[in-house]
Amino acid sequence: MVWKQGNKWQVKWHENKIQKFQSFYNEQEAIKFENEKRALNKLQRKRERESKTKEQRRAEGLLKYGGTNECESEAIRQLVKLLENNWNVLIIRDGAHNDIALQKKDSQDTDLYYGIQIKSCSKQTATGHTKTPVAQFCHVNHYPNSLIICICLKPLKIWFFHGKNLLNNNPKLWESKKTYFKEALCYDKEEGINKLQEFLTTYLKNYEEHKLDYYNLQLNTSQFLEDYANRLYKEHKNLPMVSERRGLNEIENSCVDCLDPDGSRIQEKVCCVESTTTGFTLNLAKSSGRNLESKLTKGPYNENDFDILRVYLFCKVDELGKVSFKREKYCIKYNGKNYEKAIEDIKSYKLFGYWNIPMNQLITEGYVSTKNQKGKTALKVFLPEQVANSIHHSLPKKIQKKSTIWTRDYFQQVL
DNA sequence: CTCGGAAGCCGGTTTACGTT
DNA sequence: AACGTAAACCGGCTTCCGAG
C-alpha cells in the first residue's frame with residue numbers, strides 16, 4: 001500500500017529482512033515500484049525453496065516447527081507444577097475441543113471437571129523493527145464455553161481470558177500494554193507475581209462442570225469413529241470403556257494411538273468399504289511436510305513409528321441378524337451440520353473384527369519406509385475366506401500379483 | 001476388474017514475516 | 001507497536017483415478 005506524505009508518494013518494502021523506503025512524485029509509478037518489489041520477494045522465496053532438496057526443506061521445517069506440540073505439552077506440565085497442591089489436572093483426549101480438565105482437590109463431586117483451553121508460546125519474540133519482545137497466542141477466538149489459559153514458557157508468564165470475551169477478537173492475541181491484557185496477567189515468575197488460586201476461583205465461577213467423557217467426546221466425526229472403535233475393542237477385551245488419553249509427558253498427535261497391556265505401541269485405523277473391491281481400504285500415511293508449491297503432503301510411516309497396526313472393521317446388523325459392512329461416510333466437524341444424527345448412527349455400529357499387523361510384516365511387504373525402502377501410503381485388508389463365506393461377503397475374483405491378500409492371516413473376528 | 005496411491009476433506013497446533 | 005496472514009508441523013477418514 002502506497003501513501004502520500006507531503007507532495008510525494010511513499011513506498012515501503014522489505015529487502016533481506018530490512019525495511020526500506022522510497023518516494024515518488026507520481027502515484028502510479030509508486031504502485032508499479034511496489035508491485036515489482038513484492039514480485040521480487042515472492043520470486044526470492046520461491047528460489048530459496050527450489051535451492052534446497054526435499055530432504056533439506058523437510059529437516060529445516062521439522063527443526064523450525066516440529067516442536068509445536070511439545071510447546072503445549074511443556075506449558076501444561078508447567079501449569080500442573082504450579083497447581084498440583086490444590087488441583088487435579090487431567091489431559092483430555094487428543095483432538096478433542098478442550099485440552100485439560102481441572103478439579104479442586106477438596107471437591108465433593110469427584111467426577112466433575114472444568115474444561116480448560118491452553119494456548120502456549122515458547123518464547124517472546126521481537127520481529128522486524130519491534131524492540132520489545134512479546135508473547136503471541138493464536139486461534140483464541142472460538143472457545144465460547146471455556147476458560148483460556150495463555151502460557152508463555154520463556155519467561156514463564158500466564159494470562160487468563162474468558163473464551164466468550166474473545167469471540168469477536170481476531171484469532172491472535174499479542175502481549176501488550178493494553179489494560180485488558182495487563183489485567184489478565186496472573187503469573188510472572190521473574191516479577192514474583194502469582195495470583196493463580198485467586199484467578200481460578202474467580203474465573204471458574206462462570207463455567208459449568210462436566211464429567212471427563214463429556215470433554216473426551218467433543219470430537220469430529222472422524223475422530224469419534226476411531227474413538228468408538230477403540231471403545232468397542234476395549235469392551236471385547238473386557239477393558240474399561242473409556243477414551244484413550246495421553247500422559248503428561250506424551251506429545252499430542254503422535255503416530256501411537258494407544259498402548260497394549262504388554263507395552264506394544266499401537267497405530268489404530270478404521271477401514272473403509274469400497275464397492276470396487278472385496279477388500280477394505282485404509283490410508284497408511286502421515287503428514288510429511290510441503291512440496292515446492294507449499295502444499296501439504298502425506299508420506300509413508302517409518303519403521304519406528306509404532307509396533308502394531310490395528311485396523312478395525314465396523315458392521316451393521318439388521319433385525320434378522322444379517323451382517324452388512326455398508327455404512328454412511330461422515331466427515332463432519334464437531335457440532336457441524338447433522339453432527340448429532342451422525343453420532344447416533346455411528347453408535348449403532350458393531351465391531352466385526354480387527355487386523356493386528358506387526359511392523360516387521362509391514363516392512364517385509366514394503367508398506368513402511370526404512371533406510372532401504374520407501375513405504376506406501378495406502379493398504380487394503382482382506383477377510384479370511386471362511387469368514388467372508390460365513391457372512392456371504394464376496395471373495396476376490398482374481399488375486400493379483402501384488403495383492404495384499406496376506407492380510408487375511410492377521411484378522412481376528414469379534415462378532 | 002482390481003489395486004495402489006494420491007488427493008481431498010476434517011481436526012488440532014505455533015511461528016515468521018509483511019503490512020498497517 | 002499492533003495486526004493479519006502465510007506457512008510449517010501433527011493427527012484422522014473418504015473418494016477418486018490411472019495403471020496394470
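All chains are named by letter (A, B, ...) in the order of the sequence lines, taking the proteins before the strands, and each is independently numbered beginning at 1.
- Here the nucleotide nearest the side chain of A:Ser176, chosen from C:dA2, C:dC13, B:dA16, is C:dA2.
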Step by step, would you call A:Arg310 with A:Asp260 a salt bridge (charged side-chain N to carboxylate O under 4.0 Å, His left out)? CA-CA 11 Å; A:Arg310 182 166 297 150; A:Asp260 264 7; 2.8 Å; yes

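- A:Tyr143 and A:Asn98 share no side-chain donor-acceptor pair at under 3.5 Å.
- The 5' end of DNA chain B is approached more closely, in terms of each residue's nearest nucleotide, by A:Thr278 than by the other of A:Lys298 and A:Thr278.
- Nucleotides of DNA chain C nearest to A:Val273 and A:Leu296 differ in position, and the one nearer the 5' end is that of A:Leu296.
- For A:Asn69, the listed nucleotide lying nearest its side chain is B:dT13; candidates were B:dT13, C:dG11, C:dA7.
- Between A:Pro171 and A:Tyr330, the residue whose closest nucleotide on DNA chain C is further toward the 5' end is A:Pro171.
- Across the protein-nucleic acid pair, A:Glu74 atom CD and B:dT14 atom P stand 14 Å apart, rounded to whole Å.
- Using a cutoff of 4.0 Å between basic side-chain nitrogens and carboxylate oxygens, A:Lys195 and A:Asp188 are not scored as salt-bridged.
- Contact annotation: A:Gln117 side-chain N/O to B:dG12 OP1/OP2 distance is not under 4.0 Å.
- In this structure, CD of A:Glu175 is placed 13 Å from P of B:dT15, rounded to the nearest angstrom.
- The nucleotide whose nearest atom lies closest to any side-chain atom of A:Ser222 is, among C:dC9, C:dC13, B:dT13, C:dC13.
- If you check B:dT13, C:dG11, B:dT15 against the side chain of A:Cys71, the one that comes closest is B:dT15.
- The NZ atom of A:Lys380 sits 12 Å away from the C1' atom of B:dC1 (whole-angstrom rounding).
- Of all nucleotides listed (C:dC9, B:dT15, B:dC3), B:dT15 comes nearest to the side chain of A:Cys138.
- At the phosphate of C:dC13, neither OP1 nor OP2 sits under 4.0 Å from any side-chain N or O atom of A:Lys333.
- At the heavy-atom level, A:Gly279 lies nowhere under 4.0 Å from the strands shown.
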